[in-house]
Amino acid sequence: QVQPVESGGGSVQAGGSLTLSCKISGYASGTFCMAWFRQAPGKEREGVAAIDKDGSTYYADSVKGRFTISQDNASRKTVFLQMNSLKPEDTAIYYCAAEARWELPSRPGDSNEYPYWGQGTQVTVSS
């Protein structure tokens, strides 16, 4: 059973920073492409960032230059999302997702590309 587990959410004022972490548990081997999605109240889930085994990355336009996705190069089963210059519109539940593949999928920001999902962690940015 592949299970991503998120941590690191919380509340911060606009302009502040937070770092989210996600670790895949329950699976001893395999290569995973991992991603972060978010869903704000009343809005659809949107892809935020993704990273593959070789370190290739994807970012949504709304977070480019502010968010950075990285991974634990030793295990490549832990991914981080460094979020800087946070805005109130970044407020959402952030979900970690994973797919057992080597490279980024053709649509890395599409939730349908990822079969494994975490429970989510709340990020709240106040103005």
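- When all heavy atoms are compared, the tightest approach of Gly47 to Tyr58 is O-OH, 4.2 Å.
- The backbone N or O of Gln119 lies less than 3.5 Å from a partner atom in the side chain of Glu6, making a donor-acceptor pair.
- Cluster annotation: Ile69 and Phe37 are assigned to distinct hydrophobic clusters (Ile/Leu/Val/Met/Phe/Trp/Tyr, side-chain heavy-atom contacts under 4.5 Å, transitive).
- Under a cutoff of 6.0 Å and an axis angle of 45°, Arg45 and Tyr95 form a cation-pi pair.
- Side chain of Thr91 to backbone of Val125: a donor-acceptor contact under 3.5 angstrom is found.
- Across Ser127 and Ala14, no two heavy atoms sit closer than the pair CA-CB, 4.3 Å.
- The minimum heavy-atom distance between Thr78 and Phe80, with the atom names listed, is CG2-CZ, 3.6 Å.
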Apply salt bridge (charged side-chain N to carboxylate O under 4.0 Å, His left out) to Asp61 and Lys64, showing your working.
CA-CA 5 Å; Asp61 288 342; Lys64 283 181 181 177; 3.2 Å; yes
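- Connection of Met34 to Val123 is established within a shared hydrophobic cluster, with ILVMFWY side chains joined at heavy-atom distances below 4.5 Å, either directly or through further cluster members.
- Residues Leu86 and Leu18 form a side-chain contact, since some pair of their non-hydrogen atoms from C-beta on lies under 4.5 Å apart.
- Of the inter-residue distances, the one linking Arg38 atom CZ with Glu44 atom CD reads 14.0 Å to the nearest 0.5 angstrom.
- In this structure, Gln3 contributes its side chain and Trp117 its backbone to a donor-acceptor pair below 3.5 Å.
- Minimum heavy-atom separation, Ala97 to Tyr114: CB-CB, 3.6 Å.
- Judged by distance alone, the side chains of Gln82 and Thr19 do bring a donor and an acceptor atom under 3.5 Å apart.
- Proximity of Met83 to Val63: side-chain heavy atoms (C-beta onward) are nowhere separated by under 4.5 Å.
- With rounding to the nearest 0.5 angstrom, the CG atom of Asn84 is 8.5 Å from the CZ atom of Phe67.
- A distance of 6.5 Å separates OG of Ser70 from CD1 of Ile51, quoted to the nearest 0.5 Å.
- You'll find the side chain of Cys33 stays beyond 4.5 Å of the side chain of Glu113, heavy atoms only.
- Here the side chains of Tyr116 and Ile24 are not in contact, with every heavy-atom distance at 4.5 Å or above.
- Leu81 and Ala49 make their closest contact through CD1-CB, 4.1 Å (heavy atoms, listed as atom of the first residue, atom of the second, distance).
- Within the 4.5 Å cutoff, side-chain heavy atoms of Trp36 are placed close to those of Cys96.
- The backbone N or O of Arg107 sits nowhere less than 3.5 Å from a side-chain atom of Asp110 that would complete a donor-acceptor pair.
- If you take CZ on Phe32 and NZ on Lys77, they are separated by 6.0 Å, rounding to the nearest 0.5 Å.
- Here the closest non-hydrogen pair linking Glu103 and Asp52 is CA-OD2, 3.4 Å.
- Between atom CG of residue Leu104 and atom NZ of residue Lys53 there is a gap of 13.0 Å, rounded to the nearest 0.5 Å.
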